[in-house]
Structures are given as C-alpha cells and as structure tokens.
Amino acid sequence: MTAEPLVTTTLPPDLDRDRLPRHVAVIMDGNGRWAQRRGLPRIMGHRQGVDTLKKLLRTCNDWGIGALTAYAFSTENWGRPHAEVDFLMTLFERVLRQELAEMNAEGVRIQFVGNLQSLPASLQAEIARAVQLTHENPGICFTIATNYGGRQEIVQACQAIAAEVQLGKLAPEDIDEHLFSRHLYTADLADPDLLIRTSGEMRISNFLLWQLAYAELYVTDTLWPDFHLDEFHQALSDYQQRHRRFGKV
Ligand code: FPP
C-alpha cells in the first residue's frame, strides 16, 4: 500500500444511515486466482488485496460503520506453501508498520483476534504497538483475524470457563450465552450484522462461528482484489432490503 491523498466519501443518498450494519465482516477470498488469471505469482494477489482492504476500511469509517473485521489468516492457512506463508507474515508486518500512523490519524482502533502467540515475534511486536497506540481511538474498530479459527476460539473459551469453574469462581449454572461471548476473542465487539465473502464460495470456513449466528450473508463471484466501492454499495443496498427476523416471525 502506498500513501495516497485522503479522500473522504459521503454515504450514497440511497442508503439509509439508520439501517447500516454496525459491524461488517469480510472473507477476502480469491487473491491467488486474481493473480493467476493475470499470469502473476499468487502473492501479487495478496498485495493487491491489501489495497482493497485499505479502501474498504476507509469507506466504512467515512460512512459511519462502527466495526470491520477481516479474515487475514486462518489456522488452516499454515498448510500453504512455506514461501506464501512467509510472504503473508511479512506483508502483515510491513502493512502495519507503513499504515499505522495514517490509521491512527483517521481514528481507527485496531485489534487482532486469533492465536497470536504462534506468529513471528516481530509481527507480534508490531501488533502490540498498533493495538496499544490506537486503543482509545474513537473511530471504526478494525479487527484483523490472524491465525484465527472459530472452533479453536470456542475451545479456548470452554477451557477458560472450565478453569474458572474449577477455581470455584463460577458455577456451571452461571454459564449462559452472554458469559460465553465474554470469553471469546471478540468479547468487546457486537456480532457482525453482515458477512461478505468474495470469489463465490458458499462457505463460512471456520470464521466467527459463534458470532455469525444471525449475520446476513452476501456472497459475490468477484475476486477480493476486484471488490471495489460500487460492489460494497451493492452489498449494503442488498442488506437494507433484507428483513431480519432473528428466528421470530
Ligand atoms: C485468500 O485468498 C486470502 C488470504 C488467505 C489472505 C488475505 C490477506 C490479505 C488480503 C492481506 C491483509 C493484510 C492485513 C495487514 C490485514 P486465496 O489465496 O485463498 O485466493 P484463492 O482462493 O484464489 O487461492
């Protein structure tokens, strides 16, 4: 990502400000295919994907969406070729270093979810710096899921709750949905209202399994690097036409 002049966009008039999703989650799929279709190495797709994410974050912040969560690296992604994993780890670190000052100036609050202890030490340090610098910012909450797995998150929450029960701090009957949510990585975040997945796959892929229970889904064939503002606008229009019933009639 290179420094660009800051252009603030206003909410398109056909969108109802009062009915925007408070929290948008994205599965950024299709980077590899985007690059391969152009005869480029897969990593070029990830690089381009960062640009798409940066623009989406700025748009969400400009349009008054309170939270954006992006699935950057799953617990299963370690199974990719070493060179690609190494590239991604270096990319995350470089992007954080290069973009932190600008995100901070725009009021973005950065947080990471996932098993961060297994990430390279230098990336962990960059993450800690970004979180610490931005934790009181008033703008959008930007959550990056890195080495994240929904099942793993649920298991670690169970372990933490079981330990509290064992210590006598909690009784089994104290465990309810609210308490369980408080033990997830996303304890301080409202559940996503809208999940966007690019590249046409109809899967959740172990992403926010608990939190997406009532999210509206928007799946598009567009590959992530080509997911531009016009399509995000379309996703929001679509969302505003849905009738969310949360299991009621
Ligand atoms: C999936 O596409 C994409 C990823 C596994 C990586 C996504 C990461 C970024 C866009 C970088 C984000 C950067 C920061 C700092 C948050 P794929 O490789 O599975 O594509 P394919 O399905 O076409 O192979």
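Note that ligands are numbered from 1 as they come in the structure, with each ligand's atoms numbered from 1 the same way. These numbers come from a predicted model, not from an experiment. Excluded from the calculations below are hydrogen atoms, water molecules and symmetry mates; all remaining heavy atoms, backbone and side chain alike, are included. Residues take their numbers from the sequence shown, with the count starting at 1.
Applying the salt bridge (Lys or Arg N to Asp or Glu O under 4.0 Å) test to residues at least two apart or on different chains, the pairs with a partner in residues 203-220 are Glu201-Arg203, Glu216-Arg242, Glu216-Arg244.
Residues Tyr239 and Leu217 do not share a hydrophobic cluster, clusters being chains of Ile/Leu/Val/Met/Phe/Trp/Tyr side chains in contact below 4.5 Å.
Checking side-chain atoms of Asp29 against main-chain N and O of Ser199 turns up no donor-acceptor pair under 3.5 Å.
Counting only N and O atoms by type, the side chains of Tyr185 and Gln211 include no donor and acceptor under 3.5 Å apart.
Cation-pi geometry between Arg38 and Trp34 is met: under 6.0 angstrom from the ring centre, within 45 degrees of the axis.
In this structure, Phe180 and Trp210 have tilted ring planes: the angle between them lies in the 30° to 60° band.
Listed by chain and residue number, the protein contacts of ligand 1 are Met28, Asp29, Gly30, Asn31, Gly32, Arg33, Arg42, His46, Gly49, Val50, Leu53, Ala72, Asn77, Arg80, Phe92, Val95, Ile144 (heavy atom within 4.0 angstrom).
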